[in-house]
Every structure is written in structure tokens, then in C-alpha cells.
Amino acid sequence: MAAMDLLLLGHITSVVLIDYFAVIVGVVMGALFAAKRNLDVIGSVAMALLTGFGGGVIRDTLLHDQGFFFMEHPLLVVCCAVVAALVFFGAHRMQQLQRLDTLLVAADALSVALFALAGAAKAWEAGVGPIYAVVLGTITAVGGGALASIAIAETPRIFKSSDYYAIAGFAGALAYCACALFSLPQLACSTACVVACLGIRALSLKLNLKTRPASALAKGEAERHG
């Protein structure tokens with residue numbers, strides 16, 4: 001029945017469609033991430049699936065009575081594995097054209113925005129309230145990437161100095177919930193989330209804005225008073 005739902009779009013809710021788009025973009029991002037680190041085809045597919053579904057698994061674990069998206073859509077898992085393999089075999093061409101870094105940044109930004117939307121939308125639909133909807137939107141936005149980094153023994157960006165990665169996810173989830181509180185249509189809530197997330201991320205990249213560790217803040221204070 002879950003596989004048929006993927007084919008019969010009339011039976012798919014808007015929240016599930018959001019998850020579909022988020023997962024597919026996340027899988028592409030994960031496969032590009034794997035290519036950048038020279039993983040083989042098995043490692044690339046595994047990394048892509050972990051990135052694409054990891055944040056949603058964390059979200060669905062916390063929403064324990066709402067069902068697991070990963071387990072309910074087996075055809076999507078197969079399609080994502082195929083997409084990841086295709087990206088793997090095309091990655092060397094992207095590297096030759098020096099486009100891999102650009103594609104990775106674009107896919108990463110879009111995936112954070114869509115996962116923030118997917119997390120906040122499902123949490124809101126589950127009725128957990130605005131605070132937890134924002135929290136789950138943020139967790140979903142960064143969860144898959146964090147798990148992927150841990151899998152290859154890297155410190156996830158959420159735990160170190162980086163561009164406004166988690167902040168963008170938080171802002172997107174917050175924008176979604178703010179619109180939902182005023183009972184705006186799903187399209188308006190979704191658009192606000194994606195625009196807020198992409199806008200903050202683009203601004204941080206353009207102006208080279210980064211979060212800083214406590215040691216850097218202490219050093220700055222010392223220099224100002226020195």
C-alpha cells in the first residue's frame with residue numbers, strides 16, 4: 001500500500017510530499033558529500049541514504065506514535081539508492097568540470113531548508129505544539145548530515161564553527177510555525193520556511209558569517225579590552 005501511495009499522488013498528503021522532496025534532495029547532497037570524500041559506490045549509497053533519511057528517523061523516533069516514514073515507503077528507498085548510485089558514477093565528471101563544490105553547497109542549503117520544513121510540518125500535524133515543532137524541524141534539518149559526519153568520524157558542523165547551518169534550519173522551522181499559528185495555508189507556511197532558511201544561509205555564505213567557539217569570543221573580548 002505504501003508503494004502504491006507513491007504512484008497515486010491523489011492519496012498523498014502535502015506533508016508526505018514535502019518529505020519526498022526533502023529526502024530526494026538530501027540523498028543527492030549525501031552522495032555529493034560522499035564523492036567529495038572519495039567513498040566507493042557502496043559507501044556513497046549508504047552515505048546518501050543516511051543523509052536522506054537520518055533526520056526523519058530521529059524526528060519519527062521522537063514522534064513515536066506517528067509512524068516511521070523510512071519504513072512506510074520502500075519504493076522511495078529503492079529509488080533513492082538508484083539516484084545515489086547515478087550521482088556516484090557522475091561525480092568524477094563534476095569534479096573535472098570543477099562543479100562539485102558548487103553543487104554540494106547548493107544541495108546542502110536546499111536540503112536543510114526542505115528538512116526543516118518536513119520536520120516542522122509533520123510535528124505540527126502531530127499536534128505537539130509550536131515549541132516542539134520548531135525543535136523537531138531544526139533536528140530534522142541537521143540530523144541526517146550529523147549522522148553522515150559521525151559515520152566517517154568527522155565532527156558534525158552543528159558541533160563546531162560553521163556557516164549559519166543550524167541557525168538557518170531553526171529560522172525556517174520558526175517561520176513555518178509562526179505562519180501556522182495564524183492558520184495560514186500550507187503553501188504560505190512552506191514558502192516562509194524555505195525562504196527564511198535559504199535567505200539566512202545565503203547571507204551567511206555571502207558575508208562569510210560563521211558561528212564561533214567560546215575561545216574565539218574570549219579572545220575577541222580580550223583584544224577589545226587590551
Could you grab the distance from atom [atom1] of [X] to atom [atom2] of [Y], nearest 0.5 Å is fine?
{"X": "Leu50", "Y": "Ser149", "atom1": "CG", "atom2": "OG", "value": "9.5 Å"}
{"X": "Ile24", "Y": "Leu110", "atom1": "CD1", "atom2": "CG", "value": "11.5 Å"}
{"X": "Phe115", "Y": "Thr51", "atom1": "CZ", "atom2": "OG1", "value": "8.0 Å"}
{"X": "Leu103", "Y": "Asp108", "atom1": "CG", "atom2": "CG", "value": "12.0 Å"}
{"X": "Leu184", "Y": "Cys189", "atom1": "CG", "atom2": "SG", "value": "5.5 Å"}
{"X": "Arg37", "Y": "Met47", "atom1": "CZ", "atom2": "CE", "value": "8.0 Å"}

Does any N or O in the side chain of [X] come within less than 3.5 Å of the main-chain N or O of [Y], such that one atom is a donor and the other an acceptor?
{"X": "Asp60", "Y": "Leu63", "answer": "no"}
{"X": "Arg59", "Y": "Gly143", "answer": "no"}
{"X": "Thr211", "Y": "Ser162", "answer": "yes"}

Over all atoms of both residues, closest heavy-atom pair of [X] and [Y]:
{"X": "Ala123", "Y": "Leu136", "result": "CB-CD1, 3.7 Å"}
{"X": "Ala192", "Y": "Ala175", "result": "O-CB, 3.7 Å"}
{"X": "Ala48", "Y": "Ala31", "result": "CB-N, 3.8 Å"}
{"X": "Leu49", "Y": "Ala81", "result": "CD2-N, 4.1 Å"}
{"X": "Gly169", "Y": "Ala116", "result": "O-CB, 3.6 Å"}

Does [X] share a hydrophobic cluster with [Y], counting links as ILVMFWY side-chain heavy atoms below 4.5 Å and allowing steps through other members?
{"X": "Leu62", "Y": "Val128", "result": "yes"}
{"X": "Phe170", "Y": "Val194", "result": "no"}
{"X": "Leu104", "Y": "Val112", "result": "no"}
{"X": "Leu114", "Y": "Val27", "result": "no"}
{"X": "Tyr165", "Y": "Ile200", "result": "no"}

Does Ile42 have more than 12 heavy atoms from other residues, nucleotides or ligands lying within 6.0 Å of its CD1? no
Counting neighbours of CZ on Phe68 that are heavy atoms of other residues, nucleotides or ligands and sit closer than 6.0 Å, is the number greater than 12? yes
Item to complete: Go through the steps to decide whether Ser44 and Val87 satisfy the test side chain to side chain contact (heavy atoms under 4.5 Å, CB included), and finish with yes or no.
Response: CA-CA 9 Å; Ser44 295; Val87 172; over 6 Å; no
Using side-chain heavy atoms (C-beta onward) and a distance below 4.5 Å, is [X] in contact with [Y]?
{"X": "Leu147", "Y": "Phe53", "value": "no"}
{"X": "Tyr176", "Y": "Gln186", "value": "yes"}
{"X": "Val142", "Y": "Pro156", "value": "no"}

- Before giving the answer on ring pair (Phe, Tyr, Trp, His ring centres under 6.0 Å), spell out for Tyr20 and Phe69 the whole-Å C-alpha distance, their side-chain angles and the decisive distance to 0.1 Å. CA-CA 10 Å; Tyr20 285 162; Phe69 181 82; 5.7 Å; yes
Could you walk me through whether Asp101 and Lys36 pass the side chain to side chain contact (heavy atoms under 4.5 Å, CB included) check?
CA-CA 8 Å; Asp101 287 341; Lys36 185 72 175 174; 2.5 Å; yes
- Using the side chain to side chain contact (heavy atoms under 4.5 Å, CB included) rule, take Val57 and Met71 through it: C-alpha gap first, then chi angles, then the decisive distance, then the call. CA-CA 9 Å; Val57 168; Met71 297 299 295; over 6 Å; no
For this session: Mark yes or no: Arg157 above the aromatic ring of Phe159, with NZ or CZ under 6.0 Å from the six-membered ring centre and no more than 45 degrees from the axis.
Result: no
Can you tell whether the side chains of Arg201 and Asp163 come within less than 4.0 Å, N to carboxylate O? yes
**OP:** Just do the side chain to side chain contact (heavy atoms under 4.5 Å, CB included) check on Phe70 and Val77 with the steps written out, would you?
**Re:** CA-CA 7 Å; Phe70 174 75; Val77 176; 3.9 Å; yes
